[in-house]
Amino acid sequence: MSESTSTGQSTSTYTYTYADASSSKSKNRGESSTSMADTSSRYASSVPESPRGVKDKSVAWATRTGRQTWILLKKNWAVARVSRRSTTVQLVVPVLAILALFILSFAYKENQQFNDSQQPQRSPSTESIRPYPRCISGRLSVGPCISIAWVLENAASLSAGARDLVGRVVERIRVDAGLPTSEVRQFGSRSELDSYLLSHPNSTQGGYEFAVREPAVPSGGRVVEHLSYTIQYNKTSTYSFGTKVDSQEYTLLPMTAAVERALLAELGSQVYTGSASVNDDIEYSLSLLEFARPEEFQADLIALAGPTFVYAALLFNFVIVLGAVVSEKEKHLREAMRLMGLRSLPYWTSWAVTAFVFNVISVFIIIISGAIFQFRFFLENDFRTYFVLFLLFAAAMVPVALFLSVFVSKAATATSLGFIVFLVGTMAQVFQQLVYGESGEGTIYPILASLVPPVLLSKGMFDIASYTDQTDDRGMSWSQRDSTSNFPLTSVYEWMIADVFIFAILLWYADTIASKGERFYFPFSPYYWGLLSRHDASDAGASQPSDEALEALGESGAGKTHDANVHAQLADAKASRGAFAGNDGLKVYGLRKEFTSRQWCGLRKSVFVAVQELVLGVPADSLFVLLGHNGAGKSTSFNMLLNLFGPTAGNAYVFGMSIKTEMDRIRAVMGVCPQHDILWDELTAREHLELYARLKDIPGDEVYNEVEARLADVGLTSVGDVTAGAYSGGMRRRLSTAIAFTADPRIVFLDEPTTGMDPVSRRQVWNLIQAKKAGRVIVLTTHSMEEADVLGDNIGIMAAGRITTIGTARYLKSQYGTGSKITIIPKSESARARIADFVAERLDGIQPDSHVGDLDYVIPLETVDKLGEFLTDFAARKRKLGAVNLVLGSVSLEEVFLRVAEVDHEYDAGSSSTTSA
Ligand SMILES: Nc1ncnc2c1ncn2[C@@H]1O[C@H](COP(=O)(O)OP(=O)(O)OP(=O)(O)O)[C@@H](O)[C@H]1O
Ligand SMILES: [Mg+2]
């Protein structure tokens, strides 16, 4: 087999053959097998699962979930401890909310004092009747100022005596009130008075309408048989300096008293003495006395504004948790943890517990500060009634936050979303009384509203507050929670518990679709529940490709290059029909990735092919280096292999396990150093390593040793307790590399591990990688040719999504040059031209790499033989030609890289295509 795949050149040492791979394995077995055996016995998860009892499995599952949850809780705690500012804010906000409520309650009570009737009146005092209401002359009044407007009905038909009597009564009123005569006017009829009042608003306060009946037969000087009067007054409420002017008190009573006083004086004298003014000097006074009464209504702001403030206080935690979860997603930290074996359940559980603990703390702070500020709500109601309410509300908001986090990918958006949730929740609270009132009974609305936890909170607080808003209320007892009308407190509790489960299920559903790429109907799919194996169903096509697919394989990828080794790999892949099931490192079979972007509102669809049908094999126990220019598709290939996103086509196998269906098992034996550091700024290097070690199921008592060993590997021991946020770029890279090697992985992906490192650190990491090579497959990308040269067993050069050449460093150098080069330093520009001519003449017309400065030549293979003779000749004529010096060197990978880029330039065009959809 090695015959068929070797390039036929004596210099070729690249061996992509199963036979060679296994021989290299057996060669290494001596040193590596111990560690491999060790690994599998120590970490049960790193070996393929063996059939075990269901009970054992579920116990293992439970302990694993518990352990992962615990370490994630530790992580959340460490992050919260370091980000002190937001933690402090979280704790202070509830106090501020209650304080604001307290201040507001003062304003509220103050406002209520304007409303006299709500003030208590224990020992009322008598009040004299107010003075006669004079007309108001001012901005709003029109025309003359008339205080006593009066009418005598049918005056024309009455006798002079009767008219005089009424006239005297009016005159007495005027004199008593001390009014000038100009303020008195008699009107001819009621309609005349009405129309005057209508056209002169806000001036005259009231009017009298007298009616008299004269006796049929006048006797004894009696001129009037029956006298009646009607008082006209303005009933419209008016306000003076913010106080309501009560027309009863200010108009009606004084006018009545005035006319009664006048009538008594006038008629009394007539009845008893027959002459006027006898009883004039009788002091006649009226006064008023209010009832004594208790306080009518005690202001309880909690019922009105409390729900909003408690909601606001707890929503702070909501926003912070939402932001933290989303930022973990934004920074790809969750992906990184998933690569290291994190499951979804511990992830969400840990966040739920963290959020709930914060909420419980806030609830206690709210209750304590409520009691300190002497709110009767907190002092007189049974503690359990509102504590359970707040606690359940806090619990219900947790899954809501986590559920919403699935739909947000930017932390900044999360804050805005929190604000919207606050607004919506506050507005929804307004409907509480409508929905749960009698009108809502028997409709769907109470059920819909109960799906919104803030509405339930509002309802519950309102009900509890109703037990403390009257002076003699004793507060709600625990047993009264069932007794409130048609939607008792117990129902509020039950609905909140229901909301916890409803939102938890929604979270599970949305997250499974979002993070695992399941279809929307997955809960009904037997594959999801593991009742049917996906391997049998969907993977069959990939492991048993059709003849057409095999024929087409490599047409757009490997087939386009001239490199013999690449073709050999392709042929091998075709020959094995993609059945890379052997236990043999990494096998990549036609991986392809297209990125689709839509412009013009989705009308224009452009497809960009980032990786074109990658065919690659990496034998066990070897290090493969992927070189390539920026954007060549190296990271994209990695991400497909890590299953961060699915390939558009193709498949790959890690130790025979498919990346499409057996990723869970692959993750257990895989270590990853991503191109961009995925670290928590708040965690120290030790905390990072501990987190990942535990996620990878290292037994508790070995974690310490593991962490220290990895720190020592990369030389971070002395700064192991410094948070990663304070690290330099190179230190962060080293930490990422250390993480990749945590828990003895069998395959390690390192995406540019040494980028940004100083030469010393770089050497250190090279030594580390070199030392770790045994017994592992390491795939590494880099831009450093030196690194590839030093570390790589095999090197692949990637350009525009294809591997264009592959082989050992020596193979590549020989393939793209002889491995030799010469540099000649000329004395002057004219000497340069002379030397160039001389070299071209002697060495088959080769041209220097550049047109200025030193003359660099790479010696082509067919010219190598002439090199010896040339050197002798050159030494003899050196002085004459005007050359300072000649340096003989070997070709660097860099030159190969540049040559490859040149050779393959012709393929660069056409790697992206635009289609209209
Ligand atoms: N999510 C994406 N959506 C669209 N295009 C993408 C996406 N990820 C990568 N690409 C494109 O795919 C190509 C390959 O990118 P990739 O990150 O794999 O390059 P690379 O070889 O790792 O480069 P570098 O050396 O700079 O890290 C680039 O042109 C890039 O723009
Ligand atoms: Mg990259």
Side-chain angles (χ1 to χ4, degrees), residues 39 42-46 57-83 87 321 324-329 331-358 398 402 405 507 511 515 664-665 667-674 677-711 713 716 720-725 732 735-745:
T39 310
R42 270 195 300 163
Y43 314 128
S45 56
S46 60
K57 250 183 172 170
S58 53
V59 168
W61 179 85
T63 45
R64 188 158 187 227
T65 305
R67 265 206 308 247
Q68 290 203 344
T69 309
W70 180 245
I71 183 65
L72 290 175
L73 281 174
K74 251 179 104 171
K75 173 213 75 184
N76 288 350
W77 163 242
V79 171
R81 205 188 49 210
V82 173
S83 39
T87 311
V321 166
V325 174
V326 172
S327 102
E328 234 172 40
K329 178 161 67 169
K331 293 182 191 156
H332 303 287
L333 287 162
R334 185 177 171 208
E335 268 171 20
M337 290 191 287
R338 263 184 63 195
L339 287 178
M340 298 298 251
L342 172 70
R343 306 286 175 118
S344 293
L345 183 64
Y347 181 73
W348 292 118
T349 313
S350 73
W351 270 117
V353 171
T354 308
F356 186 64
V357 166
F358 269 113
V398 169
L402 301 184
S405 78
L507 164 66
D511 179 57
S515 71
D664 283 346
R665 287 169 64 202
R667 281 191 193 115
V669 295
M670 185 176 76
V672 181
C673 167
D677 297 302
I678 301 179
L679 303 169
W680 284 268
D681 282 351
E682 297 89 353
L683 297 190
T684 66
R686 281 205 170 79
E687 283 163 341
H688 273 102
L689 288 167
E690 186 191 340
L691 170 69
Y692 284 117
R694 288 191 192 270
L695 284 181
K696 283 234 151 175
D697 275 343
I698 292 192
D701 49 350
E702 290 174 33
V703 169
Y704 176 81
N705 290 338
E706 174 73 21
V707 169
E708 294 308 316
R710 295 293 80 79
L711 279 177
D713 279 347
L716 287 177
D721 289 323
V722 177
T723 54
R732 290 169 72 93
L735 176 55
S736 294
T737 313
I739 290 171
F741 283 105
T742 301
D744 216 352

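In this text the structure is predicted, and so the values were computed from the model without any measurement.
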Point-to-point distance, once rounded to the nearest 0.5 Å, from [atom1] of [X] to [atom2] of [Y]:
X: I698; Y: N705; atom1: CD1; atom2: CG; answer: 10.0 Å
X: T742; Y: Y692; atom1: OG1; atom2: OH; answer: 9.5 Å
X: L716; Y: T737; atom1: CG; atom2: OG1; answer: 9.0 Å
X: D697; Y: R64; atom1: CG; atom2: CZ; answer: 4.5 Å
X: L679; Y: K331; atom1: CG; atom2: NZ; answer: 10.0 Å

Would T354 and V321 count as a side chain to side chain contact (heavy atoms under 4.5 Å, CB included) here? Give the steps. CA-CA 8 Å; T354 308; V321 166; 5.8 Å; no
With a 4.5 Å cut-off on side-chain heavy atoms, are [Y] and [X] touching?
X: L73; Y: W77; value: no
X: L711; Y: H688; value: no
X: L689; Y: L735; value: yes
X: Y347; Y: V325; value: yes
X: W61; Y: L345; value: yes
X: L72; Y: L691; value: yes
X: R334; Y: S515; value: yes
X: W351; Y: V398; value: no

Between the main-chain N or O of R667 and the side-chain N or O of K696, is there a donor-acceptor pair closer than 3.5 Å? yes
Q: Would you confirm whether T87, through its side chain, and A80, through its main-chain N or O, come within 3.5 Å as a donor-acceptor pair?
A: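 Looks like yes, one N/O pair under 3.5 Å.
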Q: Would you please test L683 and T723 for side chain to side chain contact (heavy atoms under 4.5 Å, CB included) and show each step?
A: CA-CA 5 Å; L683 297 190; T723 54; over 6 Å; no
| message | Just to verify, what does R686 make a salt bridge (charged side-chain N to carboxylate O under 4.0 Å, His left out) with, not counting sequence neighbours? | response |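 By the salt bridge (charged side-chain N to carboxylate O under 4.0 Å, His left out) rule, R686 matches E708, D721.
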Hits for salt bridge (charged side-chain N to carboxylate O under 4.0 Å, His left out) against D713, two or more places apart or cross-chain, chain-then-number order -> R710, K772
Please name the pair of heavy atoms, one in [X] and one in [Y], separated by the smallest distance, quoted to 0.1 Å.
X: L333; Y: W680; answer: CD1-NE1, 3.5 Å
X: G341; Y: Q68; answer: O-NE2, 3.0 Å
X: E706; Y: A693; answer: CG-CB, 4.3 Å
X: L507; Y: L402; answer: CD1-O, 3.4 Å

Here the salt bridge (Lys or Arg N to Asp or Glu O under 4.0 Å) pairs for residues 73-83, sequence neighbours left out, are K74-E690, K75-E328, R81-E687
